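Let me begin by presenting the structure, written as structure tokens, before commenting on it.
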Amino acid sequence: MKSRWSALIALTAGTAATAAGVALVRRRVGRLRFERGLAAAQLAVRGGLRYATSAPRLFIAAGENRERLRNDLAMQTADDVTATLGTMKGVMVKLGQMASYVDDGLAPSVRRTLSRLQDSVPPMSAELAAGVIEEELGKPPEELFARWDPEPIAAASIGQVHRAMTTDGRAVAVKVQYPRIAEMMAADLDNVSLLRRMLRVTAPSQDVDGLIAELRERVLEELDYRREAVNQQLLHRYYAGHPTISVPAIVSELSARRVVTSELATGARFAEVLSWPQEERDLAGETLYRFVFRSLYEVHAFNGDPHPGNYLFHGDGKVTFLDFGMVKHFTDADLMPLMQMARNLCVDGSPAEFRDSLEEAGFLVPGSPLSDDQVVDHLAVFYQLVRESKEITVTGEYASAVVRRFFDVRSPVAQYARIPRSYVVLQRINLGLFGLLGEMKATANWRAIAEEIWPFTQAPPSTPMGSAELPWLASRPAVADSLT
Amino acid sequence: MSEYADAAGLVERSAAALVHAIPDQPADDGFFGPASIAWRIGGDLSAPVAGLRALMIQALHPLAMAGVDQHSDWRADPVGRLAATSAYLANITYGERAVAQRAAARVRRIHERVTGVDPETGQPYAASDPALLLWVHAALVDSNIAAREKFGRPLSPGDADAYIEEMVVAAQLVGVPVELVPDSQAALSKYLTWVQPQLRCTPAARESMAYLLDPPGLDVEVAEIWQDIREATLISLPGWAREMYGYAVPELTAARREEIRQALGVLDAVFLGEPGVLEARQRITLRMRAAARA
């Protein structure tokens with residue numbers, strides 16, 4: 001019981017913290033040790049990030065599984081949803097999804113509890129899903145759509161996805177939220193005493209209420225699909241005409257708080273891509289990289305859900321990006337220090353200025369007795385891909401090293417390091433993108449690509465994909481102002 | 001007084017007991033069946049509170065407590081003893097008739113050997129005494145209703161009556177003559193009032209229950225959650241039982257009730273994470289749904 005509970009609390013603390021982005025968890029000999037500074041909790045990272053190959057959230061992952069799920073276990077009433085996902089279970093499922101990118105750092109018992117908890121959520125019955133659609137859009141799906149598949153094709157976060165065809169003939173994916181789930185999760189997150197007490201025990205030095213507030217904000221945002229629809233449509237418009245990046249369009253007249261309809265995309269799943277030729281994987285990696293940093297620096301938006309199930313691959317570097325439930329928007333003031341840091345370290349090669357920028361942005365406590373070199377040594381791993389202009393293969397080892405450094409509390413720098421709340425979600429760039437690239441063993445001159453995107457360099461194309469972007473760059477909408 | 005062993009493995013072993021008891025392709029529906037209220041309320045998240053409440057009430061009968069204290073391996077292996085009880089109840093509730101009967105026969109056999117003299121009252125006791133068996137039965141049935149009333153999905157008055165009537169067979173299986181067993185809420189509360197003068201909190205009861213309410217061997221974090229379970233159990237006790245133990249409880253506000261339910265939800269999630277528990281529950285759900293359709 002001892003280890004199970006430790007593990008569970010570690011998970012809850014750890015995921016709340018990673019949701020808030022300050023995660024630093026390490027399990028030691030069945031007991032958690034928590035350090036001040038950056039960390040809320042530490043997850044030992046054993047042997048690199050494998051999360052990227054974890055199964056996409058699909059009912060259809062196994063035909064047999066789908067068969068079992070679709071028959072008599074389906075949730076038939078809102079009461080079934082309450083019994084399945086009420087009293088913290090929905091919150092825990094969500095925490096589990098958010099923690100999935102540190103899968104490998106979770107104790108086996110926690111992973112089991114989490115995956116069982118996710119397995120324990122059967123799909124809604126066709127009637128229950130249709131009821132939600134009728135409540136939201138005023139008519140049953142058979143009247144709203146020319147064709148409607150009552151069998152869900154995938155489990156979504158707190159809902160499920162159905163295939164349909166609109167009356168004007170477009171194939172669409174319709175995400176339907178479980179009834180009552182938003183109210184239940186809001187209530188569970190409102191009544192935070194349990195979470196708070198667990199976090200206080202496991203992370204006494206942290207701003208526990210801040211972590212919980214961040215977690216709550218993020219989850220509540222995701223519960224309103226209208227927000228996701230707006231974000232997805234923004235990115236769809238921004239990337240319209242891009243040679244390799246595609247974001248499905250939202251069908252807004254068929255979207256509401258608990259239903260979001262978008263154009264249906266099909267393609268290869270991440271796990272499949274791993275068996276593709278290296279050349280293909282390199283191109284896919286380049287597209288992921290361009291998407292993340294163009295979105296960040298140009299749209300001022302970052303998709304905080306790096307789950308590998310959120311990408312569909314089409315070959316030739318073409319990738320469709322799905323699921324925008326966790327988009328974080330940044331202001332110019334948020335982004336300025338990030339740009340300065342990259343510029344100070346990678347372009348100007350000035351450790352002293354790099355340190356000043358870190359301190360100014362709140363990443364480093366001012367006046368610490370550290371040398372500039374110590375600071376650079378500690379943090380340079382995050383910039384390793386872009387410090388020099390040369391081809392670098394991202395490996396699983398590199399991704400692990402990034403994660404380990406992120407979770408490293410023994411370095412003399414760790415106790416002076418902080419992650420300001422507005423940057424919390426950004427850590428997913430390191431933990432998410434690098435994990436995916438590492439799985440693909442993607443090779444590129446990342447520095448040269450970064451120079452194309454960095455607002456302070458704006459270099460000309462460095463790759464064929466960069467050149468192919470030129471027409472899109474010339475025609476795309478005027479950026480941040482109109483979009484954020 | 002010998003020391004109690006620590007409480008490691010409580011969840012794992014209770015889970016294994018349940019998983020083992022839910023048949024895959026049963027020959028019959030057992031003594032309750034998929035349409036029963038006993039099955040319907042079986043997975044309620046207040047179940048741990050119901051179990052602890054039942055134990056606390058049962059322990060207040062000096063002779064029942066003496067039997068446990070002097071004969072079972074309660075102190076040496078409290079978790080094993082609790083897991084055995086869970087297994088027994090699961091077999092009676094979900095097992096095929098033959099399985100339930102075998103389990104009951106085994107318990108009756110063990111009870112034959114449990115006799116002695118209670119050091120507190122000086123009275124002789126025998127575990128096979130129908131009066132003691134009835135007491136244990138009544139405390140369990142009452143607790144299953146009360147815990148759900150406070151922290152789970154409450155039973156309607158009609159369902160509570162029907163449940164008490166359903167459970168008569170459980171008392172019979174272990175050796176209580178049917179005419180002694182309460183079969184309605186009125187009869188149950190009449191019995192509980194009648195029996196009260198025989199009850200008292202002996203040192204053995206106090207010690208055992210102090211152990212259960214604050215089991216050693218749990219992590220600090222677990223102890224945090226266990227505080228909620230403990231409080232819920234004490235709140236769910238009838239006033240007379242709480243007074244005998246001398247425990248005080250804060251008033252249950254709506255917000256506090258929700259917090260306790262959250263803690264129970266987390267505990268249930270951990271239970272669900274044990275091997276086979278999800279599948280066992282799905283087997284129950286499938287049979288209940290099939291019965292509802294029929």
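We use all heavy atoms of the structure for the numbers below, so side chains are in, but hydrogens, waters and symmetry mates are not. Every chain is numbered from 1, with letters handed out A, B, ... down the list of sequences. All of these numbers come straight from a predicted model, not from anything done at the bench.
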Inset, instruction - Give the member of B:L264, B:D268, B:V79 that has the highest number of heavy-atom pairs under 4.5 Å with chain A. - result: B:D268
Inset, instruction - Under 4.5 Å heavy-atom distance to chain A, tell me which part of B:R13 shows up: side chain, backbone, both or neither. - result: neither
Inset, instruction - Go through the atoms of B:R293 and report whether side chain, backbone, both or neither lie under 4.5 Å from a heavy atom of chain A. - result: side chain
[X] with [Y]: basic N within carboxylate O range, under 4.0 Å:
X	Y	value
B:E259	B:R256	yes
B:D69	B:R75	yes
A:D79	A:R180	yes

Inset, instruction - Identify whether NZ of Lys or CZ of Arg in B:R206 sits under 6.0 Å from the centre of the six-membered ring of B:Y245 and within 45° of that ring's axis. - result: no
Legend entry - Engaged part of A:A187 at the chain B interface, taking heavy atoms whose separation is under 4.5 Å: backbone
